[in-house]
Amino acid sequence: MKVEANTPAAYELIHKGALALARAERAGIRIDIPYCQQQKKVLTKQVTELTKQVTESKFYHRWRHIYGDKTNIDSNNQLSHILYKVMKIEAPKQTESGQGSTDEDTLSQIDIPELKIILEIRKLKKLRDTYLDAFERENYEGYIHPFFNLHTVKTFRSSSDSPNFQNIPKRDKEAMTICRRALYPRPGHQLIEADFSGLEVSISTCYHRDPVMLAYLNNKKSDMHLDMAKQIFIYEVLNKAIPSNYRMRQASKNGFVFPQFYGDWYRNNAVGICEWVQLPQGKWKKGMGMEMEDGSHIADHFISVGIKCFDDFVEHLKGVEDDFWNNRFKVYKQWKDAWVAKYQAKGSFAMFTGFTCSGVMRRNEVINYPVQGAASHCKLWSLIELDRIMLAEKWDTYILGEIHDSILFDVLPEELDHVKDTILRVTCKDLPAAWKWITVPLNVEIDVYDVDAPWVPRDKE
DNA sequence: GGAACTCGCCAC
DNA sequence: AAACGTGGCGAGTTCC
(Lines give C-alpha, C1' and ligand atoms only; values in the text may rest on other atoms or scores of the structure.)
Protein backbone atom coordinates (compact mmCIF):
# COMPACT_ATOMS: atom_id res chain seq x y z
CA MET A 1 0.00 0.00 0.00
CA LYS A 2 1.22 3.49 -0.84
CA VAL A 3 0.08 6.96 0.24
CA GLU A 4 0.83 10.19 -1.59
CA ALA A 5 0.25 13.90 -1.11
CA ASN A 6 -1.28 14.64 -4.47
CA THR A 7 -1.92 18.35 -4.15
CA PRO A 8 0.25 21.29 -3.09
CA ALA A 9 -2.13 21.85 -0.17
CA ALA A 10 -1.61 18.27 1.01
CA TYR A 11 2.17 18.65 0.89
CA GLU A 12 1.98 22.00 2.67
CA LEU A 13 -0.13 20.54 5.47
CA ILE A 14 2.53 17.96 6.33
CA HIS A 15 5.36 20.46 5.93
CA LYS A 16 3.79 23.09 8.20
CA GLY A 17 2.55 20.41 10.57
CA ALA A 18 6.09 19.11 11.07
CA LEU A 19 7.29 22.62 11.88
CA ALA A 20 4.46 23.29 14.34
CA LEU A 21 5.02 19.94 16.07
CA ALA A 22 8.76 20.63 16.24
CA ARG A 23 7.94 23.74 18.25
CA ALA A 24 5.83 21.64 20.61
CA GLU A 25 8.71 19.17 20.97
CA ARG A 26 11.12 21.98 21.77
CA ALA A 27 8.76 23.51 24.34
CA GLY A 28 8.44 20.27 26.29
CA ILE A 29 6.35 19.35 29.31
CA ARG A 30 7.40 20.13 32.85
CA ILE A 31 8.01 17.06 34.94
CA ASP A 32 8.21 16.44 38.69
CA ILE A 33 11.25 14.18 38.99
CA PRO A 34 11.30 13.85 42.82
CA TYR A 35 7.68 12.68 42.59
CA CYS A 36 8.59 10.08 39.92
CA GLN A 37 11.41 8.72 42.07
CA GLN A 38 9.31 8.61 45.21
CA GLN A 39 6.32 7.02 43.45
CA LYS A 40 8.56 4.40 41.84
CA LYS A 41 9.75 3.44 45.32
CA VAL A 42 6.15 3.10 46.52
CA LEU A 43 5.29 0.90 43.54
CA THR A 44 8.42 -1.22 44.01
CA LYS A 45 7.51 -1.81 47.65
CA GLN A 46 4.01 -2.92 46.65
CA VAL A 47 5.43 -5.20 43.96
CA THR A 48 7.86 -6.77 46.43
CA GLU A 49 5.08 -7.39 48.94
CA LEU A 50 2.79 -8.97 46.33
CA THR A 51 5.64 -11.04 44.91
CA LYS A 52 6.30 -12.41 48.39
CA GLN A 53 2.67 -13.50 48.67
CA VAL A 54 2.99 -15.42 45.40
CA THR A 55 6.31 -17.08 46.24
CA GLU A 56 4.91 -18.37 49.52
CA SER A 57 2.02 -20.16 47.80
CA LYS A 58 1.60 -23.81 46.85
CA PHE A 59 0.96 -22.69 43.29
CA TYR A 60 4.41 -21.13 43.11
CA HIS A 61 6.04 -24.24 44.55
CA ARG A 62 4.56 -26.27 41.74
CA TRP A 63 5.94 -23.73 39.27
CA ARG A 64 9.34 -23.81 40.97
CA HIS A 65 9.34 -27.61 40.84
CA ILE A 66 9.31 -27.43 37.03
CA TYR A 67 11.55 -24.44 36.34
CA GLY A 68 13.95 -24.44 39.32
CA ASP A 69 16.35 -21.51 39.30
CA LYS A 70 14.93 -20.30 35.98
CA THR A 71 11.55 -19.64 37.61
CA ASN A 72 10.34 -16.15 36.69
CA ILE A 73 6.89 -14.91 37.67
CA ASP A 74 7.11 -12.32 34.89
CA SER A 75 7.34 -15.04 32.26
CA ASN A 76 4.03 -15.64 30.55
CA ASN A 77 5.55 -18.55 28.64
CA GLN A 78 6.24 -20.31 31.93
CA LEU A 79 2.82 -19.39 33.31
CA SER A 80 1.07 -20.70 30.22
CA HIS A 81 3.00 -23.98 30.44
CA ILE A 82 2.20 -24.44 34.14
CA LEU A 83 -1.51 -23.68 33.79
CA TYR A 84 -2.36 -25.46 30.58
CA LYS A 85 0.26 -28.24 30.30
CA VAL A 86 1.23 -29.13 33.88
CA MET A 87 -2.06 -28.43 35.66
CA LYS A 88 -4.02 -29.37 32.52
CA ILE A 89 -6.51 -26.53 32.86
CA GLU A 90 -8.47 -26.00 29.68
CA ALA A 91 -7.30 -22.68 28.22
CA PRO A 92 -10.22 -20.25 27.92
CA LYS A 93 -8.46 -18.51 25.02
CA GLN A 94 -5.49 -19.02 22.68
CA THR A 95 -2.99 -16.40 21.51
CA GLU A 96 -2.22 -15.70 17.85
CA SER A 97 0.45 -18.41 17.83
CA GLY A 98 -1.82 -20.98 19.48
CA GLN A 99 -0.35 -20.92 22.98
CA GLY A 100 -2.80 -20.76 25.89
CA SER A 101 -3.39 -17.10 26.67
CA THR A 102 -2.34 -15.45 29.92
CA ASP A 103 -3.91 -12.03 29.41
CA GLU A 104 -6.02 -10.29 32.04
CA ASP A 105 -9.35 -11.48 30.69
CA THR A 106 -8.17 -15.10 30.64
CA LEU A 107 -6.42 -15.21 34.02
CA SER A 108 -9.39 -13.63 35.78
CA GLN A 109 -11.55 -16.53 34.62
CA ILE A 110 -9.33 -19.13 36.29
CA ASP A 111 -9.97 -19.82 39.98
CA ILE A 112 -6.44 -19.61 41.39
CA PRO A 113 -6.00 -16.76 43.90
CA GLU A 114 -2.32 -16.20 42.99
CA LEU A 115 -3.34 -15.23 39.45
CA LYS A 116 -5.17 -12.19 40.83
CA ILE A 117 -1.94 -11.17 42.55
CA ILE A 118 0.08 -11.68 39.37
CA LEU A 119 -2.38 -9.41 37.51
CA GLU A 120 -1.96 -6.76 40.20
CA ILE A 121 1.83 -7.02 39.94
CA ARG A 122 1.60 -6.60 36.15
CA LYS A 123 -0.49 -3.46 36.55
CA LEU A 124 1.89 -1.83 39.04
CA LYS A 125 4.97 -2.71 36.99
CA LYS A 126 3.38 -1.25 33.88
CA LEU A 127 2.97 2.09 35.64
CA ARG A 128 6.46 2.02 37.06
CA ASP A 129 8.40 0.76 34.04
CA THR A 130 6.44 2.10 31.06
CA TYR A 131 5.52 5.53 32.35
CA LEU A 132 7.34 6.85 35.43
CA ASP A 133 10.64 5.25 34.38
CA ALA A 134 10.34 6.65 30.85
CA PHE A 135 9.58 10.14 32.17
CA GLU A 136 12.68 10.03 34.32
CA ARG A 137 14.82 8.61 31.53
CA GLU A 138 13.69 11.31 29.07
CA ASN A 139 13.98 14.14 31.58
CA TYR A 140 16.18 17.04 30.54
CA GLU A 141 16.44 19.91 33.01
CA GLY A 142 12.96 19.30 34.37
CA TYR A 143 11.21 18.84 31.03
CA ILE A 144 10.39 15.91 28.76
CA HIS A 145 10.28 16.47 25.00
CA PRO A 146 8.17 13.73 23.39
CA PHE A 147 8.50 13.38 19.60
CA PHE A 148 5.40 13.73 17.42
CA ASN A 149 5.78 12.01 14.06
CA LEU A 150 3.75 12.57 10.90
CA HIS A 151 5.57 10.05 8.70
CA THR A 152 5.04 6.73 10.50
CA VAL A 153 1.32 6.00 10.38
CA LYS A 154 -0.41 4.56 7.32
CA THR A 155 -3.62 6.51 7.90
CA PHE A 156 -1.93 9.89 8.43
CA ARG A 157 -2.57 9.95 12.11
CA SER A 158 0.46 10.97 14.17
CA SER A 159 2.54 8.82 16.47
CA SER A 160 4.63 9.76 19.49
CA ASP A 161 7.71 8.32 21.17
CA SER A 162 10.53 8.94 23.65
CA PRO A 163 8.33 8.94 25.63
CA ASN A 164 5.06 8.13 23.90
CA PHE A 165 2.80 10.98 24.98
CA GLN A 166 -0.29 9.41 23.41
CA ASN A 167 -0.87 6.41 25.67
CA ILE A 168 -0.63 7.76 29.22
CA PRO A 169 -3.39 6.12 31.34
CA LYS A 170 -6.70 7.93 31.47
CA ARG A 171 -9.65 5.55 31.98
CA ASP A 172 -8.36 3.79 35.11
CA LYS A 173 -8.56 6.56 37.68
CA GLU A 174 -5.84 5.22 39.95
CA ALA A 175 -3.39 4.62 37.11
CA MET A 176 -4.26 7.99 35.61
CA THR A 177 -3.52 9.82 38.85
CA ILE A 178 -0.23 8.03 39.46
CA CYS A 179 1.10 8.83 35.97
CA ARG A 180 -0.35 12.27 35.27
CA ARG A 181 0.54 13.58 38.71
CA ALA A 182 4.11 13.76 37.31
CA LEU A 183 3.24 16.23 34.53
CA TYR A 184 2.94 19.95 35.29
CA PRO A 185 2.48 23.30 33.56
CA ARG A 186 5.22 25.94 33.70
CA PRO A 187 5.34 27.85 37.04
CA GLY A 188 2.30 30.13 37.33
CA HIS A 189 0.68 28.52 34.25
CA GLN A 190 -2.16 26.04 33.79
CA LEU A 191 -2.81 23.12 31.45
CA ILE A 192 -5.80 23.05 29.14
CA GLU A 193 -6.83 20.30 26.75
CA ALA A 194 -9.00 20.94 23.69
CA ASP A 195 -10.80 17.82 22.51
CA PHE A 196 -12.76 17.33 19.28
CA SER A 197 -15.72 15.28 20.48
CA GLY A 198 -16.81 12.58 18.05
CA LEU A 199 -14.52 13.87 15.31
CA GLU A 200 -14.28 10.63 13.35
CA VAL A 201 -18.06 10.18 13.39
CA SER A 202 -18.46 13.74 12.05
CA ILE A 203 -15.85 13.23 9.33
CA SER A 204 -17.30 9.91 8.24
CA THR A 205 -20.65 11.70 7.86
CA CYS A 206 -19.00 14.18 5.45
CA TYR A 207 -18.31 11.15 3.24
CA HIS A 208 -21.58 9.20 3.52
CA ARG A 209 -24.11 11.98 4.28
CA ASP A 210 -26.49 9.56 5.99
CA PRO A 211 -29.62 11.59 6.87
CA VAL A 212 -30.16 9.80 10.17
CA MET A 213 -26.59 10.50 11.27
CA LEU A 214 -26.89 14.09 10.05
CA ALA A 215 -29.99 14.48 12.21
CA TYR A 216 -28.09 13.18 15.25
CA LEU A 217 -25.22 15.59 14.60
CA ASN A 218 -27.45 18.59 13.97
CA ASN A 219 -29.82 18.04 16.90
CA LYS A 220 -27.97 18.58 20.17
CA LYS A 221 -30.82 17.06 22.17
CA SER A 222 -30.67 13.73 20.35
CA ASP A 223 -28.25 11.09 21.62
CA MET A 224 -27.28 8.19 19.34
CA HIS A 225 -25.59 6.23 22.14
CA LEU A 226 -28.62 6.49 24.43
CA ASP A 227 -30.86 5.30 21.59
CA MET A 228 -28.54 2.36 20.91
CA ALA A 229 -28.43 1.52 24.62
CA LYS A 230 -32.25 1.30 24.67
CA GLN A 231 -32.17 -1.12 21.77
CA ILE A 232 -29.24 -3.25 22.93
CA PHE A 233 -30.48 -3.60 26.52
CA ILE A 234 -34.20 -3.61 25.65
CA TYR A 235 -34.54 -1.12 28.49
CA GLU A 236 -35.72 2.43 28.97
CA VAL A 237 -32.25 3.89 29.23
CA LEU A 238 -33.15 7.53 29.64
CA ASN A 239 -31.05 9.35 32.15
CA LYS A 240 -27.28 9.63 31.94
CA ALA A 241 -27.25 10.78 35.58
CA ILE A 242 -28.29 7.33 36.83
CA PRO A 243 -25.07 5.28 37.15
CA SER A 244 -26.49 2.05 35.69
CA ASN A 245 -28.02 3.95 32.75
CA TYR A 246 -24.74 5.71 32.15
CA ARG A 247 -22.92 2.39 32.19
CA MET A 248 -25.32 0.92 29.64
CA ARG A 249 -24.70 3.93 27.40
CA GLN A 250 -20.93 3.47 27.78
CA ALA A 251 -21.24 -0.23 26.98
CA SER A 252 -23.24 0.56 23.83
CA LYS A 253 -20.86 3.27 22.70
CA ASN A 254 -17.56 1.48 23.34
CA GLY A 255 -18.77 -2.11 22.99
CA PHE A 256 -20.98 -1.79 19.93
CA VAL A 257 -21.23 1.51 18.06
CA PHE A 258 -17.55 2.42 17.69
CA PRO A 259 -16.37 -1.13 17.00
CA GLN A 260 -19.13 -1.43 14.35
CA PHE A 261 -17.83 1.73 12.70
CA TYR A 262 -14.36 0.16 12.60
CA GLY A 263 -15.81 -2.96 10.94
CA ASP A 264 -16.34 -5.29 13.89
CA TRP A 265 -19.27 -7.70 14.15
CA TYR A 266 -21.96 -8.71 16.62
CA ARG A 267 -20.24 -11.80 18.08
CA ASN A 268 -17.24 -9.75 19.26
CA ASN A 269 -19.54 -6.95 20.37
CA ALA A 270 -21.43 -9.38 22.62
CA VAL A 271 -18.20 -10.26 24.42
CA GLY A 272 -17.29 -6.59 24.81
CA ILE A 273 -20.67 -5.53 26.13
CA CYS A 274 -20.75 -8.41 28.63
CA GLU A 275 -17.39 -7.26 29.99
CA TRP A 276 -18.82 -3.76 30.47
CA VAL A 277 -21.81 -5.00 32.48
CA GLN A 278 -20.00 -7.94 34.13
CA LEU A 279 -22.02 -10.77 32.64
CA PRO A 280 -20.39 -14.17 31.99
CA GLN A 281 -20.23 -15.87 28.61
CA GLY A 282 -22.43 -18.78 29.69
CA LYS A 283 -25.78 -19.25 31.40
CA TRP A 284 -27.21 -16.23 33.24
CA LYS A 285 -28.89 -16.43 36.64
CA LYS A 286 -30.72 -13.88 38.79
CA GLY A 287 -28.31 -11.64 40.69
CA MET A 288 -25.60 -11.75 38.02
CA GLY A 289 -24.00 -8.70 36.41
CA MET A 290 -23.94 -5.07 37.36
CA GLU A 291 -26.38 -3.69 39.90
CA MET A 292 -29.25 -1.48 38.72
CA GLU A 293 -30.57 1.62 40.47
CA ASP A 294 -33.36 -0.36 42.19
CA GLY A 295 -30.99 -2.99 43.64
CA SER A 296 -31.82 -5.63 41.04
CA HIS A 297 -29.20 -6.91 38.60
CA ILE A 298 -28.83 -6.66 34.84
CA ALA A 299 -29.22 -10.43 34.43
CA ASP A 300 -32.65 -10.31 36.15
CA HIS A 301 -33.76 -7.84 33.54
CA PHE A 302 -32.38 -9.80 30.58
CA ILE A 303 -34.02 -13.01 31.83
CA SER A 304 -37.35 -11.17 32.17
CA VAL A 305 -37.21 -10.22 28.47
CA GLY A 306 -36.27 -13.74 27.41
CA ILE A 307 -32.48 -13.47 27.11
CA LYS A 308 -31.33 -16.26 29.42
CA CYS A 309 -27.71 -16.77 28.41
CA PHE A 310 -24.80 -15.36 26.43
CA ASP A 311 -25.82 -17.18 23.25
CA ASP A 312 -29.31 -15.65 23.44
CA PHE A 313 -27.64 -12.24 23.72
CA VAL A 314 -25.45 -12.93 20.67
CA GLU A 315 -28.60 -13.73 18.66
CA HIS A 316 -30.22 -10.52 19.93
CA LEU A 317 -27.17 -8.46 18.90
CA LYS A 318 -27.24 -10.06 15.47
CA GLY A 319 -30.65 -8.47 15.03
CA VAL A 320 -29.43 -5.14 16.41
CA GLU A 321 -26.54 -5.15 13.93
CA ASP A 322 -28.85 -5.95 11.04
CA ASP A 323 -31.14 -3.07 12.04
CA PHE A 324 -28.16 -0.75 12.56
CA TRP A 325 -26.85 -1.06 8.99
CA ASN A 326 -29.92 -2.01 6.97
CA ASN A 327 -32.43 0.29 8.62
CA ARG A 328 -31.06 2.98 10.93
CA PHE A 329 -27.91 3.91 8.96
CA LYS A 330 -28.72 2.40 5.59
CA VAL A 331 -27.27 5.31 3.61
CA TYR A 332 -24.01 4.95 5.53
CA LYS A 333 -24.04 1.23 4.58
CA GLN A 334 -24.70 2.09 0.92
CA TRP A 335 -21.74 4.49 0.97
CA LYS A 336 -19.45 1.80 2.43
CA ASP A 337 -20.41 -0.69 -0.27
CA ALA A 338 -20.08 1.89 -3.05
CA TRP A 339 -16.76 3.19 -1.67
CA VAL A 340 -15.29 -0.31 -1.58
CA ALA A 341 -16.63 -1.11 -5.07
CA LYS A 342 -15.03 2.05 -6.44
CA TYR A 343 -11.72 1.15 -4.79
CA GLN A 344 -11.90 -2.33 -6.29
CA ALA A 345 -12.43 -0.83 -9.74
CA LYS A 346 -9.68 1.80 -9.49
CA GLY A 347 -7.18 0.29 -7.06
CA SER A 348 -7.02 3.53 -5.07
CA PHE A 349 -9.10 6.14 -3.28
CA ALA A 350 -8.64 9.80 -2.39
CA MET A 351 -9.17 11.48 0.96
CA PHE A 352 -10.95 14.83 1.20
CA THR A 353 -7.62 16.39 2.10
CA GLY A 354 -5.74 15.71 -1.15
CA PHE A 355 -4.00 12.44 -0.27
CA THR A 356 -4.43 9.15 -2.14
CA CYS A 357 -4.03 5.59 -0.93
CA SER A 358 -3.29 2.87 -3.49
CA GLY A 359 -2.35 -0.80 -3.42
CA VAL A 360 -3.80 -3.87 -1.76
CA MET A 361 -6.04 -3.14 1.23
CA ARG A 362 -8.65 -5.08 3.15
CA ARG A 363 -12.28 -3.95 3.16
CA ASN A 364 -12.10 -2.49 6.67
CA GLU A 365 -8.95 -0.57 5.82
CA VAL A 366 -10.52 0.94 2.71
CA ILE A 367 -13.43 2.17 4.81
CA ASN A 368 -11.44 3.36 7.82
CA TYR A 369 -8.40 5.09 6.32
CA PRO A 370 -10.15 8.01 4.60
CA VAL A 371 -12.02 8.78 7.83
CA GLN A 372 -9.05 8.47 10.19
CA GLY A 373 -6.83 10.39 7.78
CA ALA A 374 -9.11 13.33 7.13
CA ALA A 375 -10.05 13.58 10.82
CA SER A 376 -6.39 13.69 11.74
CA HIS A 377 -5.79 16.39 9.14
CA CYS A 378 -8.52 18.51 10.75
CA LYS A 379 -6.63 18.40 14.01
CA LEU A 380 -3.33 19.10 12.26
CA TRP A 381 -4.75 22.11 10.37
CA SER A 382 -6.06 23.49 13.67
CA LEU A 383 -2.75 22.91 15.42
CA ILE A 384 -0.82 24.70 12.65
CA GLU A 385 -3.19 27.65 12.73
CA LEU A 386 -3.12 27.94 16.51
CA ASP A 387 0.67 27.73 16.51
CA ARG A 388 0.82 30.49 13.89
CA ILE A 389 -1.52 32.75 15.88
CA MET A 390 0.27 32.23 19.19
CA LEU A 391 3.59 33.20 17.58
CA ALA A 392 2.13 36.20 15.75
CA GLU A 393 0.38 37.47 18.88
CA LYS A 394 3.37 36.61 21.09
CA TRP A 395 1.40 34.56 23.59
CA ASP A 396 3.15 33.25 26.70
CA THR A 397 1.28 30.03 26.02
CA TYR A 398 2.66 26.82 24.50
CA ILE A 399 1.37 23.87 22.57
CA LEU A 400 2.73 20.80 24.35
CA GLY A 401 1.46 17.97 22.21
CA GLU A 402 -1.50 16.20 20.72
CA ILE A 403 -3.35 12.96 21.26
CA HIS A 404 -5.10 12.20 17.94
CA ASP A 405 -8.20 14.33 18.48
CA SER A 406 -7.03 16.60 21.28
CA ILE A 407 -4.34 19.24 21.80
CA LEU A 408 -2.67 20.04 25.13
CA PHE A 409 -1.66 23.63 25.96
CA ASP A 410 0.36 25.26 28.74
CA VAL A 411 -1.42 28.57 29.29
CA LEU A 412 -0.64 31.82 31.10
CA PRO A 413 -3.81 32.40 33.20
CA GLU A 414 -4.22 36.01 31.97
CA GLU A 415 -4.41 34.64 28.43
CA LEU A 416 -6.85 31.83 29.23
CA ASP A 417 -10.05 33.44 27.96
CA HIS A 418 -8.42 34.62 24.76
CA VAL A 419 -6.77 31.23 24.17
CA LYS A 420 -10.09 29.43 24.69
CA ASP A 421 -11.95 31.81 22.35
CA THR A 422 -9.25 31.41 19.71
CA ILE A 423 -9.29 27.61 19.93
CA LEU A 424 -13.06 27.52 19.48
CA ARG A 425 -12.94 29.99 16.59
CA VAL A 426 -10.16 28.16 14.75
CA THR A 427 -11.59 24.67 15.16
CA CYS A 428 -15.33 25.30 14.81
CA LYS A 429 -15.41 28.28 12.40
CA ASP A 430 -12.13 28.86 10.52
CA LEU A 431 -11.50 25.19 9.79
CA PRO A 432 -14.93 24.49 8.21
CA ALA A 433 -14.62 27.81 6.34
CA ALA A 434 -11.24 26.75 4.90
CA TRP A 435 -12.31 23.20 4.01
CA LYS A 436 -15.68 23.32 2.27
CA TRP A 437 -16.05 19.53 2.38
CA ILE A 438 -16.72 19.80 6.14
CA THR A 439 -20.50 19.83 5.99
CA VAL A 440 -21.37 18.93 9.58
CA PRO A 441 -20.93 20.91 12.79
CA LEU A 442 -17.68 20.21 14.68
CA ASN A 443 -17.67 20.18 18.47
CA VAL A 444 -14.73 21.01 20.69
CA GLU A 445 -14.63 20.68 24.47
CA ILE A 446 -11.96 22.40 26.53
CA ASP A 447 -10.88 20.95 29.88
CA VAL A 448 -9.18 23.50 32.12
CA TYR A 449 -6.84 22.46 34.93
CA ASP A 450 -5.90 24.61 37.93
CA VAL A 451 -2.92 26.97 38.00
CA ASP A 452 0.27 25.10 39.03
CA ALA A 453 -1.73 21.87 39.17
CA PRO A 454 -0.72 18.61 37.45
CA TRP A 455 -2.55 16.99 34.53
CA VAL A 456 -5.14 15.41 36.84
CA PRO A 457 -8.80 16.47 36.81
CA ARG A 458 -9.98 18.18 39.96
CA ASP A 459 -12.32 15.89 41.90
CA LYS A 460 -15.94 16.88 41.42
CA GLU A 461 -18.38 17.15 44.36
C1' DG B 1 25.51 -9.03 22.45
C1' DG B 2 22.15 -7.16 19.42
C1' DA B 3 18.15 -7.92 16.16
C1' DA B 4 13.70 -9.61 15.76
C1' DC B 5 10.20 -12.02 17.48
C1' DT B 6 5.77 -12.86 20.86
C1' DC B 7 2.77 -11.33 24.31
C1' DG B 8 0.45 -8.06 26.87
C1' DC B 9 -1.43 -3.40 27.55
C1' DC B 10 -1.75 1.72 27.38
C1' DA B 11 -3.97 5.51 24.19
C1' DC B 12 -7.42 7.21 20.30
C1' DA C 1 -19.07 -12.87 2.59
C1' DA C 2 -16.42 -11.85 6.44
C1' DA C 3 -15.55 -10.46 10.73
C1' DC C 4 -11.77 -4.35 14.96
C1' DG C 5 -8.75 0.40 12.53
C1' DT C 6 -3.93 3.02 14.18
C1' DG C 7 0.24 3.27 17.09
C1' DG C 8 4.61 2.63 21.13
C1' DC C 9 6.88 0.02 24.38
C1' DG C 10 8.53 -3.33 28.27
C1' DA C 11 9.73 -8.08 29.41
C1' DG C 12 10.74 -12.47 27.92
C1' DT C 13 12.55 -15.22 24.40
C1' DT C 14 14.96 -16.90 20.31
C1' DC C 15 18.05 -16.45 16.55
C1' DC C 16 22.39 -15.29 14.58
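Numbers restart at 1 for each chain; the letters A, B, ... are given by sequence-line order, proteins then strands.
The one candidate from A:V257, A:L317, A:I232, A:V314 that meets the side chain to side chain contact (heavy atoms under 4.5 Å, CB included) condition with A:N269 is A:L317.
As a whole-Å value, the separation of A:Q99 CD from C:dG12 P is 15 Å. Rounding to whole angstrom units, CZ of residue A:R362 and C1' of C:dT6 are separated by 11 Å. One atom, CZ of A:F135, and another, P of C:dG10, lie 12 Å apart when rounded to the nearest Å. One atom, CG of A:N268, and another, C1' of C:dA2, lie 12 Å apart when rounded to the nearest Å. Across the protein-nucleic acid pair, A:Y262 atom OH and C:dA2 atom P stand 25 Å apart, rounded to whole Å. Distance A:Y67 OH to C:dG12 P: 14 Å, rounded to the nearest Å. In this entry the distance linking CE of A:M361 with C1' of C:dG5 reads 13 Å, nearest Å. The CZ atom of A:R363 sits 12 Å away from the P atom of C:dA3 (whole-angstrom rounding).
A:Y332 pairs by the ring pair (Phe, Tyr, Trp, His ring centres under 6.0 Å) definition with A:H208, A:F261, A:W325, not counting sequence neighbours. Taking the salt bridge (Lys or Arg N to Asp or Glu O under 4.0 Å) definition, one finds that A:D161 meets it with nothing, sequence neighbours left out. In this structure A:D172 satisfies the side-chain hydrogen bond (donor to acceptor under 3.5 Å, both in side chains) test with no other residue, sequence neighbours excluded. Checked against side-chain hydrogen bond (donor to acceptor under 3.5 Å, both in side chains), A:S406 has the following partners two or more places apart in sequence or in another chain: A:E193. For A:F313, the ring pair (Phe, Tyr, Trp, His ring centres under 6.0 Å) criterion is met by A:W284, A:F302, not counting sequence neighbours. Under the salt bridge (Lys or Arg N to Asp or Glu O under 4.0 Å) criterion, A:R26 pairs with no residue, sequence neighbours left out.
Salt bridge status for A:D322 with A:K318: absent, with no side-chain N to carboxylate O gap under 4.0 Å. A salt bridge links A:D223 to A:R249: at least one charged side-chain nitrogen sits closer than 4.0 Å to a carboxylate oxygen.
OP1 or OP2 of C:dA3 has not a single side-chain nitrogen or oxygen of A:Y266 nearer than 4.0 Å.
Taking the side chain as every heavy atom from C-beta outward, A:W276 and A:M248 never approach each other to under 4.5 Å.
Counting non-hydrogen atoms under 4.0 angstrom, A:I168 reaches the backbone sugars and phosphates but no base. Among the heavy atoms of the strands lying under 4.0 Å from A:E104 are primed sugar atoms or P, OP1, OP2 only; no base atom is included. A:N368 comes within 4.0 angstrom of the backbone, heavy atoms only, and of no base.
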Short N/O separations, protein against nucleotides 7-9 of chain C, under 3.5 angstrom:
| unit_1 | atom_1 | unit_2 | atom_2 | d |
| --- | --- | --- | --- | --- |
| C:dG7 | OP1 | A:K154 | N | 3.2 |
| C:dG8 | OP1 | A:S159 | OG | 3.3 |
| C:dG8 | O4' | A:N164 | ND2 | 2.9 |
| C:dC9 | OP1 | A:S162 | N | 2.9 |

Find every protein N or O atom lying less than 3.5 Å from an N or O atom of nucleotides 13-16 of chain C, and list the pairs.
| unit_1 | atom_1 | unit_2 | atom_2 | d |
| --- | --- | --- | --- | --- |
| C:dT13 | OP1 | A:S75 | OG | 2.6 |

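Applying the ring pair (Phe, Tyr, Trp, His ring centres under 6.0 Å) test to residues at least two apart or on different chains, the pairs with a partner in residues 144-178 of chain A are A:F156-A:F355, A:F156-A:H377, A:F165-A:W455.
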Would you mind writing out the side-chain donor-acceptor pairs for residues 114-123 of chain A within the sub-3.5 Å range, not counting sequence neighbours?
| unit_1 | atom_1 | unit_2 | atom_2 | d |
| --- | --- | --- | --- | --- |
| A:R122 | NH1 | A:T102 | O | 3.0 |
| A:R122 | NH2 | A:N76 | OD1 | 3.0 |
| A:R122 | NH2 | A:T102 | O | 2.6 |

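Atom CD of A:E445 sits in a sparse spot, with 12 or fewer heavy atoms from other residues, nucleotides or ligands closer than 6.0 Å.
Residues from residues 337-355 of chain A lying near DNA chain B, meaning a heavy-atom separation below 4.0 Å, are absent.
Nearer the 5' end of DNA chain C, as judged by each residue's closest nucleotide, is the contact made by A:W265, out of A:E365 and A:W265.
Between A:T356 and A:S348, the side chains place no donor N or O within less than 3.5 Å of an acceptor N or O (distance only, hydrogens not considered).
First and last contacts of DNA chain B with chain A, using any nucleotide atom under 4.0 Å from a protein heavy atom and ordered 5' to 3', fall at B:dT6 to B:dC12.
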